[in-house]
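The block underneath contains the structure these notes are about, expressed in structure tokens.
Side chains are part of it too, since the values below use all heavy atoms of this structure and drop only hydrogens, waters and symmetry mates. All chains are named by letter (A, B, ...) in the order of the sequence lines, taking the proteins before the strands, and each is independently numbered beginning at 1.
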Protein chains: 2
Amino acid sequence: MGPLDTYLPYLLNRAGTRIATAFGEEVRPLGATLQIWRVLAALHERDGRRMGDLAQTTSIEMSTLTRLVDSMEKKDLVARRRDPEDARVVVLHAATAGRRLTQRLLPIAERYEKVALQGIGPKEAEQLKAALRRLYANMDGLANPRKGRG
Amino acid sequence: MGPLDTYLPYLLNRAGTRIATAFGEEVRPLGATLQIWRVLAALHERDGRRMGDLAQTTSIEMSTLTRLVDSMEKKDLVARRRDPEDARVVVLHAATAGRRLTQRLLPIAERYEKVALQGIGPKEAEQLKAALRRLYANMDGLANPRKGRG
DNA sequence: TCAAGATATTTGTAAATGCAAATAAATGAT
DNA sequence: ATCATTTATTTGCATTTACAAATATCTTGA
């Protein structure tokens, strides 16, 4: 067997953790976190999403998301509304401070993208992204996901 | 801005988390965890490492590692020894049950490698790994690492 | 309309994790 | 030999996070 850093799962998790931590520290001064960014980014892409949808697209667990949204509501980053069509559903909208914060986070996200990919070349970068999507999908059948089909 | 899953940090963290979780569940029946595997793999590569070295190569935080090693010692997976040269130093050795467990984990790690990389091709896989190492290194200067130069 | 079952979200609780302070031992200066 | 400084590891504590149970609402069928 080779050293630990020939193993893909290790490399992947290590890189993923570090970039997440680094990004998190970068945005802390703005009062944001990685998770907050994900929610705002998702709402920026499409506003008025339901909680379940958000949990799915941000990969944040539902119970975690609930508490996160609690705190984001207090800061006027987002607003919960009941869906009039179906009162079980809560839809989330970006609020004033939330939209402002999003505008400040976007350039940081772009910059991180660049820094992370230094010396990797645009073509390879696309391949990397494609591989990561593929890899995520490959894990679908295996363990963990209490999604799909229990 | 595009959807969240065009952002590298998101893709990376998402994939890294999922593969870690899946692997963790896979090895749980054997009484192992992802972290345990990392320590054992590191010791398999080179036995008798000091704690600081292990923390470095496994990307496990020192305080976390201490507690992890406590529990691994109880299971006879590893043994702590004081370095006679410098009594501040603790060196870690794989113990009997640890070596046995390592042998059982190795094929699982190999298999995970294969599953994760389904449809990705050996050449692209190598590029992916190289990119992940590079990317990890790229993050070095940025935030987070309380390493390097304080 | 009411009960039964399905779906969406929230709360309770315990485990994992990291930072900072504390401990232990070595090294160097007086 | 003793004190101050440095290095290595461990413990205290607060935060984060996930799983599971609880709650709320909707839908369907009698």
Side-chain angles (χ1 to χ4, degrees), chain A residues 13-14 16-18 20-25 28 32-39 48-74 78-92 143-150, chain B residues 13-14 16-18 20-25 28 32-39 48-74 78-92 143-150:
Chain A
N13 189 247
R14 182 181 73 160
T17 302
R18 172 170 276 194
T21 307
F23 186 84
E25 295 200 10
R28 174 162 311 173
T33 64
L34 178 67
Q35 312 269 51
I36 288 180
W37 158 243
R38 284 193 186 170
V39 171
R49 291 175 174 225
R50 57 168 63 185
M51 297 291 286
D53 178 5
L54 277 172
Q56 182 79 34
T57 58
T58 60
S59 301
I60 299 172
E61 219 269 333
M62 273 294 303
S63 66
T64 304
L65 184 62
T66 290
R67 283 179 261 248
L68 177 63
V69 168
D70 287 346
S71 76
M72 290 178 73
E73 249 187 328
K74 280 182 199 136
V78 294
R80 275 188 176 95
R81 292 192 211 146
R82 284 278 165 195
D83 184 342
E85 304 282 309
D86 183 342
R88 289 173 300 183
V89 173
V90 170
V91 291
L92 207 64
N144 158 52
R146 211 147 307 279
K147 317 266 181 176
R149 359 112 280 156
Chain B
N13 189 247
R14 183 180 74 160
T17 302
R18 172 170 275 195
T21 307
F23 185 84
E25 295 199 11
R28 175 163 312 175
T33 64
L34 178 67
Q35 313 268 52
I36 287 180
W37 157 243
R38 284 191 186 171
V39 171
R49 291 177 175 224
R50 56 167 64 185
M51 298 291 285
D53 178 5
L54 277 172
Q56 182 78 34
T57 58
T58 60
S59 300
I60 299 173
E61 218 269 333
M62 273 294 304
S63 64
T64 303
L65 183 61
T66 289
R67 283 178 265 246
L68 177 63
V69 169
D70 287 347
S71 78
M72 290 178 74
E73 248 187 330
K74 280 181 199 136
V78 294
R80 277 186 175 98
R81 293 193 211 146
R82 285 277 165 192
D83 184 341
E85 305 282 312
D86 182 342
R88 289 174 300 184
V89 173
V90 171
V91 291
L92 207 64
N144 160 53
R146 211 147 306 279
K147 317 263 182 179
R149 358 113 281 153

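Remark: C1' of dT17(C) and CZ of R38(B) are 13 Å apart, rounded to the nearest angstrom. Between the CG atom of N13(A) and the P atom of dT17(C) there is a distance of 10 Å, given to the nearest Å. To the nearest angstrom, C1' of dT16(D) lies 12 Å from CZ of R28(A). Rounded to an integer number of Å, the gap from CD of E25(A) to C1' of dC19(C) is 11 Å.
In the region residues 78-89 of chain A, proximity to DNA chain D at under 4.0 angstrom, judged on heavy atoms, holds for D86(A), A87(A), R88(A).
Residue E61(B) has its side chain nearest to dG18(C) when only dG12(C), dT11(D), dG18(C) are considered. Which of dT9(C), dT10(D), dA18(D) sits closest to the side chain of M62(B) comes down to dT10(D).
Listed by first then second residue, pairs satisfying salt bridge (charged side-chain N to carboxylate O under 4.0 Å, His left out) with a partner in residues 49-60 of chain B read E45(B)-R49(B), R46(B)-D53(B), R49(B)-D53(B), not counting sequence neighbours.
Of the two residues contacting DNA chain C, namely V91(A) and R67(B), the nearest-nucleotide position lying further toward the 5' end is that of V91(A).
Judged as a side-chain contact (heavy atoms from CB on, under 4.5 Å), and not counting sequence neighbours, the contacts of R81(B) are V91(B), H93(B). Applying the side-chain contact (heavy atoms from CB on, under 4.5 Å) test to R88(A) and every residue at least two apart in sequence or in another chain returns D86(A). Taking S59(B) as the reference, Y10(A), R14(A), R38(B), Y136(B) meet the side-chain contact (heavy atoms from CB on, under 4.5 Å) condition, with sequence neighbours excluded. Residues satisfying the side-chain contact (heavy atoms from CB on, under 4.5 Å) test with T33(B), not counting sequence neighbours, are Q35(B), I36(B).
Side-chain nitrogen and oxygen atoms of T64(A) include at least one within less than 4.0 Å of the OP1 or OP2 phosphate oxygen of dA18(D). One finds a side-chain N or O of Q35(B) lying less than 4.0 angstrom from the OP1 or OP2 phosphate oxygen of dT17(C). When the side-chain nitrogen and oxygen atoms of R50(A) are compared with OP1 and OP2 of dA8(C), one or more of them lie within a distance under 4.0 Å.
Summarising the local packing, CZ of R80(A) is surrounded by more than 12 heavy atoms from other residues, nucleotides or ligands at distances under 6.0 Å.
Residue contacts shown for M51(B) are limited to sugar-phosphate atoms, with no base heavy atom under 4.0 Å away.
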